[in-house]
Number of protein chains: 2
Amino acid sequence: MDQDETDRSKEAGEQSAVRRTPSQRRSRERVERMLAAAVTLIERDGSDAMRMSDVAETAGVSIGSLYQYFPDKMAIVRSLAERCMIEGRSCVETELAKVQTCDELLQSWSSLVDSYYQMFLTRPVMRDIWCATQSDCRLRELELEDSRINARVLADVMARLKPDGERAQLEAVAFLIMQLCEATMRLAVSVDAAEGERLVETYKRMGISALRAALAR
Amino acid sequence: MDQDETDRSKEAGEQSAVRRTPSQRRSRERVERMLAAAVTLIERDGSDAMRMSDVAETAGVSIGSLYQYFPDKMAIVRSLAERCMIEGRSCVETELAKVQTCDELLQSWSSLVDSYYQMFLTRPVMRDIWCATQSDCRLRELELEDSRINARVLADVMARLKPDGERAQLEAVAFLIMQLCEATMRLAVSVDAAEGERLVETYKRMGISALRAALAR
DNA sequence: GTGTAATGTGAGCCATCCTCATATTTGTTA
DNA sequence: TAACAAATATGAGGATGGCTCACATTACAC
């Protein structure tokens, strides 16, 4: 069984945020408690300062239990990050699905950026996770993959609006826009609120003109 | 003396990459050896995997000597980062000093981006340092300050080309362009060469249109 | 040459991640 | 319900690596 997990994680590259899949309700609840404890601690001190022993204590489980489900410390952060990404992708898909015109696209995109920024402001844990992303190879890959998926969704819409556009080109623009969005968020939450807001506005203007340019004749 | 250092670092926020300033030639050379050793090890395994004991051994000094000059492991990375930033700022200043027209600005900026990208490709240590930036508060501040300085230089040129432009607005654009440049580099070196190059191109196009828009009537 | 300040050393302290042998709980079958 | 296997839980302690500190050595000033 353990063997099984290891193999799967090796080939799939994904999964493996958990080492053993919790099948009974008891263990599923405990895993939730562990993740919740991690959020609490990360919001208080940051993920670097978070100690595994504290996570265990806060969650009311033993160190051993923690390691039953998470192969290492970073796996906890990855797990939280994955949830954020899934949530984010769902927002992007929902918002972009209804787009019919270029103006609507710019509008939808702009509002996505706004709500994303709000998420960063209201959920401090996100900022930490997105920083941790940079120092963890696996997490970086996850984020890249996430951006690629979102970029594909955006490129789909763009392709609908400009059927003769070169697909690779559209996707490159969309991918960069997505990644620069992450970068802008990381930046905006590092400076004071007023400057942060202005940066997000500036980014939106850049993105809009990039989208316009990519969709133009 | 030690007291002095501590105080200065506390108030200045800067400096303090070194704990004790090497005044004799012998110690200055040793510090250089330590930094060189760190570069070697970071290029091989990354700064996370770099062990202080290895740095000491590679540099041919004792652990204690290392800690005479660097208060902690991150201080070494910070020290390397500062050197890169100083070098980068000098490039930016030199290149932008000769700009007289809008077209020349776009040309100079574009060539700066290109050479910066080349630096990332040819000096793997830079990628690692720029990643470490994200997880270190002090280093993040250094990078922000670096971007601000470069943004001011760029905004100066923009102001020359558009004397009636609102300064704060120009600087916001310039600052974001600088930061997104960092982000694009980090991204471009994380993907394969072909995609990396296309991303840099896309970024340049976005930057150019942002600069054009900011300078337009 | 003598004294002082600067510099160098490395054994070992300590925090923290993570393992593993063992104990407990749950679900299943007869 | 008893008996058994599979799943789950535990925490002492091994391993690693950052960092300290008491002491040794070297450079420099007079």
Side-chain angles (χ1 to χ4, degrees), chain A residues 1-6 9 16-35 37-38 41-42 45-79 132 135-136 138, chain B residues 1-6 16-35 37-38 41-42 44-79 132 135-136 138:
Chain A
M1 173 56 92
D2 219 346
Q3 206 61 9
D4 211 65
E5 290 293 334
T6 311
S9 69
S16 89
V18 293
R19 163 178 299 197
R20 164 173 286 170
T21 308
S23 66
Q24 301 176 1
R25 190 160 61 92
R26 173 179 54 144
S27 51
R28 257 177 285 134
E29 284 171 355
R30 285 166 64 93
V31 168
E32 286 310 311
R33 282 220 305 282
M34 294 172 201
L35 288 173
L41 293 171
I42 289 175
D45 304 318
S47 61
D48 268 355
M50 173 183 85
R51 279 170 303 171
M52 291 300 265
S53 54
D54 282 346
V55 177
E57 199 185 358
T58 306
V61 303
S62 68
I63 281 277
S65 287
L66 204 50
Y67 281 94
Q68 288 280 331
Y69 299 100
F70 300 96
D72 54 34
K73 185 178 166 179
M74 212 54 203
I76 296 181
V77 178
R78 263 201 299 274
S79 198
S135 65
D136 181 71
R138 293 277 293 281
Chain B
M1 175 56 90
D2 218 345
Q3 206 60 9
D4 210 65
E5 290 295 331
T6 311
S16 90
V18 293
R19 165 179 296 195
R20 165 173 285 171
T21 307
S23 66
Q24 301 176 359
R25 191 161 62 93
R26 172 178 56 143
S27 52
R28 257 177 285 135
E29 283 171 357
R30 285 167 66 94
V31 168
E32 286 310 311
R33 282 220 305 282
M34 295 172 199
L35 289 173
L41 293 171
I42 290 175
R44 205 187 59 192
D45 304 319
S47 61
D48 268 355
M50 174 183 85
R51 279 171 301 172
M52 291 300 266
S53 53
D54 282 347
V55 177
E57 199 185 358
T58 306
V61 304
S62 68
I63 281 277
S65 287
L66 205 49
Y67 281 93
Q68 288 280 331
Y69 298 100
F70 301 96
D72 55 34
K73 184 178 165 179
M74 212 53 202
I76 295 182
V77 178
R78 262 200 300 275
S79 199
S135 65
D136 180 73
R138 293 277 294 281

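Since we're looking at a predicted model, the values are computed, not measured. Chain identifiers are assigned alphabetically (A, B, ...) following the order of the sequence lines, protein sequences preceding nucleic acid strands; residue numbering begins at 1 within each chain.
Residues B:Pro71 and B:Tyr69 come closest through the heavy atom pair CD-O, 4.0 Å.
Per the geometry, CE belonging to A:Met74 stands 11 Å off P belonging to C:dC18, to the nearest Å. In this structure, CZ of A:Arg33 is placed 12 Å from C1' of D:dA9, rounded to the nearest angstrom. Between the CG atom of A:Leu66 and the C1' atom of C:dT16 there is a distance of 13 Å, rounded to whole Å. Rounded to whole Å, atom P of C:dT16 lies 13 Å from atom CD of A:Glu57. Here D:dT26 presents its P atom at 15 Å from CD of B:Gln68, a figure rounded to the nearest Å. Rounded to whole Å, atom P of D:dG13 lies 21 Å from atom CE of A:Met52. For the pair A:Glu29 CD and C:dT26 P, the computed distance is 12 Å after rounding to whole Å. What separates CG of B:Asp54 from C1' of D:dC19 is a distance of 15 Å, to the nearest Å.
At the heavy-atom level, A:Met50 lies under 4.0 Å from the strands shown only through sugar-phosphate atoms.
Proximity note for B:Tyr69 (side chain, C-beta onward) versus C:dT7, D:dG17, C:dC17: the nearest is C:dT7. Checking C:dG10, D:dA9, C:dC18 against every side-chain atom of A:Asp72, the shortest atom distance belongs to C:dC18. In this structure, the nucleotide among D:dC19, D:dT10, C:dT9 sitting nearest to the side chain of B:Ile63 is D:dC19.
Contact annotation: B:Ser65 reaches the phosphate of C:dT9 (side-chain N/O to OP1 or OP2, under 4.0 Å). Between B:Tyr67 and D:dT20 there is no side-chain polar atom (N or O) within less than 4.0 angstrom of OP1 or OP2. Using a 4.0 Å cut-off, some side-chain N or O of B:Arg30 falls inside it from OP1 or OP2 of C:dT9.
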key: Residues A:Val55, A:Lys73; criterion side chain to side chain contact (heavy atoms under 4.5 Å, CB included); working and verdict   = CA-CA 10 Å; A:Val55 177; A:Lys73 185 178 166 179; over 6 Å; no
- Task: Might you work through the side chain to side chain contact (heavy atoms under 4.5 Å, CB included) test for A:Met74 and A:Val77, ending with a clear yes or no?
- Result: CA-CA 5 Å; A:Met74 212 54 203; A:Val77 178; 4.1 Å; yes
Report the C-alpha separation of B:Asp72 and B:Arg78 in whole Å, then their side-chain angles, then the decisive distance to 0.1 Å, and conclude whether the side chain to side chain contact (heavy atoms under 4.5 Å, CB included) test is met.
CA-CA 10 Å; B:Asp72 55 34; B:Arg78 262 200 300 275; 4.0 Å; yes
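Mapping A:Asp48 and B:Gly64 onto DNA chain C via the closest heavy atom, the residue that lands nearer the 5' end is B:Gly64. Where B:Lys73 and B:Arg26 meet DNA chain D, the nucleotide closest to each residue was compared, and B:Lys73 sits on the side nearer the 5' end.
Between the CZ atom of A:Arg33 and the OG atom of A:Ser65 there is a distance of 9.5 Å, given to the nearest 0.5 Å.
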